[in-house]
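Let me begin by presenting the structure, written as structure tokens, before commenting on it.
Protein chains get the first letters and strands the later ones, always in sequence-line order, with residue 1 at the start of each.
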Amino acid sequence: MNKENRFIGKKVPRKDAADLVRGKAQFIDDLKIPGMLHAKILRSPHAHARIKKIDTTRAKELPGVEAVLTYEDTPVWRAGLPSHIGVLSNTVRYVGDAAALVAAVSDVVAREALELIEVEYEILPAVYDVLEALEEDAPQLYEQFPGNRFPLACPWMGPESLQGIFMGDVAKGFAESDIIAEGSCSYENLPNPLPLEPPGVIACWEGPEDLTVWASAQSPYFLKITLHYAMGRINVRSIASHCGGSFGTKVLLWQLAFYAAALAQATRQPVKMYYTKTEHFAAYTLRLGSRFRGKVGIKKDGRVMAVEGDWLINTGYCSDAAQGMVAVGCGELQLMVRCLNWEIKPQLVCTNRNASKMVRGYGGQELEAAFIPVLNMALEKGNIDPLDFFRENFVKPGDGYYWRDGNWWVSRGIDYGKAMDRGAEVFGWKEKWKGWLRPTAVDGSLRIGVGIGVHGNADVGEDVSEAYVRLEPDSTVVIHSCLSEHGTGQRSSLCKMVAEVLKLPIERISVAPPDSLVNPYEFGPVGSRGTYAIGSAVIRAAEDARRRLLERSATVLNVSADDLDTEDGMIFIKGKGGGKSGKKIRWKDGLGFDRTCLGHGYFEPDFSISNFLMVFVEVGVDTKTGKIDLRRVVAATDVGKIIDSQSLKNQLHGCLGSAGLDSAIFEESVFDPKLGRFLNPNMLDYKWRTFMELPQFDTVILETPMDTHSFQSVGVGEIVNAPTPPAVLMAVSNAIGVRLADYPLTPDKILRALGKA
Amino acid sequence: MSEHPVTLVVNNRRYDLEVGGRPGDLQPTHTLSYTLRETLGLTGTKIGCDKGECGACTVLLEGEPVLSCLILTVECHGKKITTIEGLEDPQTGKLDPIQQSFIDSGAFQCGFCTPGMIMSVKALFAGNPSPTGQEIREALSGHYCRCMSHYHVLEAVAGSVPKAGGTDE
Ligand code: FES
Ligand code: FES
């Protein structure tokens, strides 16, 4: 589009803005389905145990209790990858695992009933550490996964899904290296993405094989598909409420849906399963535990010759996405480091703690947070400026990489060097970088240091999207895309795109409710695919609808459809003698007052375009107290074309939330291996950044047109967090002059590193 | 009429609640957030933690910002409460300038934290029509926003201070 855009890039309030500020937006906890019961879960106090006996008699007798279910009477539904988790089991595998389910007329009654259930457990030995879990005599979690190893295949990503990085000849690569660094680093503090709204699902059976779920879903259509396969090929209608934050965690809601649906089946009433904050903390989604042990060989000039290592991934008691995260993480590492010789061997291990599942950063954050500190040792040895290194080594157009499907893709994206340079300029990198383990400035006990991180992903074009665009005779438009609003403003961005294609005021465009019954297939706004993948399907649907509208109008006007154009709900002949001042008809005249017109658009996956983000951070470390003060963040990226600046900047700021940057400073789920459980599942003991500690935050957003859809744009949602933890590590190491590789860098660790504790 | 009715004035409307054990009755264990949402249907007040740790449930009690998940409804007898639903003009539907400013600045992502934050800002402005940046941040410091909309929120609040001037930035 060379013409000036009317809506793309312009400040237009989000469609749901007024609802949000008036408290009218409907989140899952705001929905009331007539006859709805409330569900509660009796959770195991043991990390690993067999249920010997479970007595629910007294609970069932409590007035107001409608059903109590144990493993003996729940349906045989199974999920997980490969499928290994049922609704309930006679074995509990972490502190918090479900032992029984209750549905009652109120929350209070359901909670009371839990106390009346008597369980006799046979306690089994438990294992928490990834290496211990791999030992021969380690307690085994599942018979079908000997050695506590999950298979790495991720069939839905393709028959050859990526299970590591193997290419070239690492021995030769190391032989040709000038500098070799070897080491290990763990990113195992398991930060919790913790959206403000806990997850929730309401289930209601419309017939024996027909289930309706309302969910706080990030991807309502994907939930439908997941449940269809997990629950014996039943029909599922999935409706999303407004989603109060997800960051990936509310994509796979099958477990809550299992609980709600099992109770709804037993009671023949709708049942709501809504987690408390404690459950959200201790029995929902954590990041993967990630440990890298290996070596990196580079030339003096910074070219990478070989990378080799073991990547140990601790996914907790179950896996439903980890294989996909391993595949994508391995792809992402290749985008960050151009190298011809690789041997990265992942092992995916289960342990007796709450599960790690899908989180923004999706494998790449976890791998890079553990890998980069090892890489940095090589750069330090070679005295190489990390900016020069990353600038040189990030994937360039024409470079190739193995992506998650196991195929070799060649990048047809853009060169992000410009964005890196601009970011460095805004941050003042050249002035602030004093070399490895050197502070930028020292002022008494305050030491200032800087660091950078980089991350890219070729996911902007992943997975399938479909959309319809329906034109109404009154010149209004309805977009049918099964997209829920989870914070990115994407539903409104779609309206902008369609408004642009149809040259129609945005007020005339709306999006159908995120309901799988009225919308076609949509994988959902995961990764950074919202703008390119979902956007492409919707744009194509709008173009298709426009073409049909003009074709029908052509017969009315007796001209060729190619000669027609539409703007502001009018149809007119293009060019000389025509135009908006010439003869024109309304959509209604072209369509007929009793007709609508439907366009259909698809998007097919394509992994040849990547996005990228570089962050620059400046920290101040108080060497007396060990406290880290995050002083400044610059996030630099290139998005091709800005669709909505406010939403985009909001998303970039998001790196300070959702288990991102602060997982290097203070965020951690503190696990006690003696007790087998987390010690801080509440918002006081789990630390989070407040308004009082906001760093200066600058965004650098370039707009180099991309070869995507007509607006030449890509999204960034997935990549904002991932580069930040290692950047902080680098900055703090430089500030205090001691190499650190221990997340998060709490004051005790800083003081210990300084020899003060 | 039960012996102990509890009267609340919510958004200028009076509610007499029966205390008892029947469905729909006010029970002594009910928190204010529960009553607002479940009994009065005012679901604009959000519950993020239900334990006084996130600020999402903030409402005004006699003009003061309080965490409605930590207050029992029976304690509010005879008190005046304002929720997010009570900010707009009931006749015209015109939004409070704070609400409008949140829209203009795009001061939300998922928006789950938004009503609570707006209520805290409302209380801040009532007591201090020209707060400094520091005072604004302090007033908001108990609000958890995991999407990190903080920067746009600060812009929105700065854009709606009743009396400009007096900021430290
Ligand atoms: S819900 Fe009341 S403070 Fe969190
Ligand atoms: S906007 Fe999502 S929690 Fe604040």
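- With values rounded to the nearest 0.5 angstrom, B:I84 atom CD1 is found 9.5 Å from A:K24 atom NZ.
- The candidate from A:G654, A:G487, A:S647, A:C655 with the greatest count of non-hydrogen atom pairs under 4.5 Å with chain B is A:G487.
- Interface remark: of the candidates B:G111, B:A56, B:G48, B:G48 forms the most heavy-atom pairs closer than 4.5 Å to chain A.
- Between B:K46 and A:D30 a salt bridge is recorded (basic side-chain N to carboxylate O distance below 4.0 Å).
- Highest contact tally toward chain A, considering only B:E88, B:R37, B:M148, is held by B:M148 [criterion: heavy-atom pairs under 4.5 Å].
- Side-chain contact check for B:Y144 versus A:L194: some heavy-atom pair is nearer than 4.5 Å.
- Contact count versus chain B (heavy atoms, under 4.5 Å) is highest, among A:K277, A:R22, A:H486, A:K11, for A:R22.
- With a threshold of 4.5 angstrom between heavy atoms, A:F247 approaches chain B through side-chain atoms but not through N, CA, C or O.
- By number of non-hydrogen pairs under 4.5 angstrom with chain A, the leading residue of B:P115, B:A139, B:G106 is B:G106.
- Salt bridge annotation for A:K32-B:E38: present, with a cationic side-chain nitrogen under 4.0 angstrom from a carboxylate oxygen.
- Counting all heavy atoms, side chain and backbone alike, B:K51 lies closest to A:T278 at NZ-OG1, 3.5 Å.
- The minimum heavy-atom distance between A:G244 and B:C110, with the atom names listed, is C-SG, 3.4 Å.
- If you measure heavy-atom distances from B:L87 to chain A, you find no contacts under 4.5 Å at all.
- Residues A:A17 and B:I103 approach most closely at CB-CG2, 3.9 Å, considering heavy atoms.
- For A:D685, no part lies under 4.5 angstrom from a heavy atom of chain B.
- Both the backbone and the side chain of B:E138 come within contact range of chain A, each with at least one heavy atom under 4.5 Å from a heavy atom of that chain.
- Side-chain contact between B:F108 and A:V21 is present, with at least one heavy-atom pair separated by less than 4.5 Å.
- Proximity to chain B (any heavy atom under 4.5 Å) is restricted, for A:Y686, to the side chain, taken from C-beta onward.
- The aromatic rings of B:H152 and A:H653 sit tilted relative to each other, their planes meeting at an angle between 30° and 60°.
- Within the 4.5 Å cutoff, no side-chain heavy atoms of A:T690 are placed close to those of B:L140.
- No other option in B:R146, B:Q109, B:M117, B:Q99 has as many heavy-atom pairs under 4.5 Å with chain A as B:R146.
- Residue contact with chain B, scored on non-hydrogen atoms closer than 4.5 Å, involves the backbone and the side chain of A:N682 alike.
- Side chains of B:I47 and A:E197 form no contact here, defined as non-hydrogen atoms less than 4.5 Å apart.
- Relative ring orientation between B:H150 and A:F691 is described as tilted, the plane-to-plane angle lying within the 30° to 60° band.
- Proximity to chain B (any heavy atom under 4.5 Å) is shown, for A:Q651, by both the backbone and the side chain.
- With a 4.5 Å cut-off on non-hydrogen atoms, B:S149 touches chain A through its backbone and its side chain both.
- Residue with the most contacts toward chain B among A:Q26, A:E693, A:Q646: A:Q646 (heavy-atom pairs, distance under 4.5 Å).
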TODO: Apply side-chain contact (heavy atoms from CB on, under 4.5 Å) to B:C54 and A:L196, showing your working.
DONE: CA-CA 8 Å; B:C54 74; A:L196 178 52; 3.8 Å; yes
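- In plain terms, the two heavy atoms of A:G23 and B:E85 that are nearest each other are O-OE2, 4.4 Å.
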TODO: Show your working on side-chain contact (heavy atoms from CB on, under 4.5 Å) between A:K649 and B:Y151 and close with a plain yes or no.
DONE: CA-CA 9 Å; A:K649 284 187 186 157; B:Y151 293 91; over 6 Å; no
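- Between chain B and the options A:L684, A:D19, A:L652, A:N650, the largest number of non-hydrogen pairs under 4.5 Å is found for A:N650.
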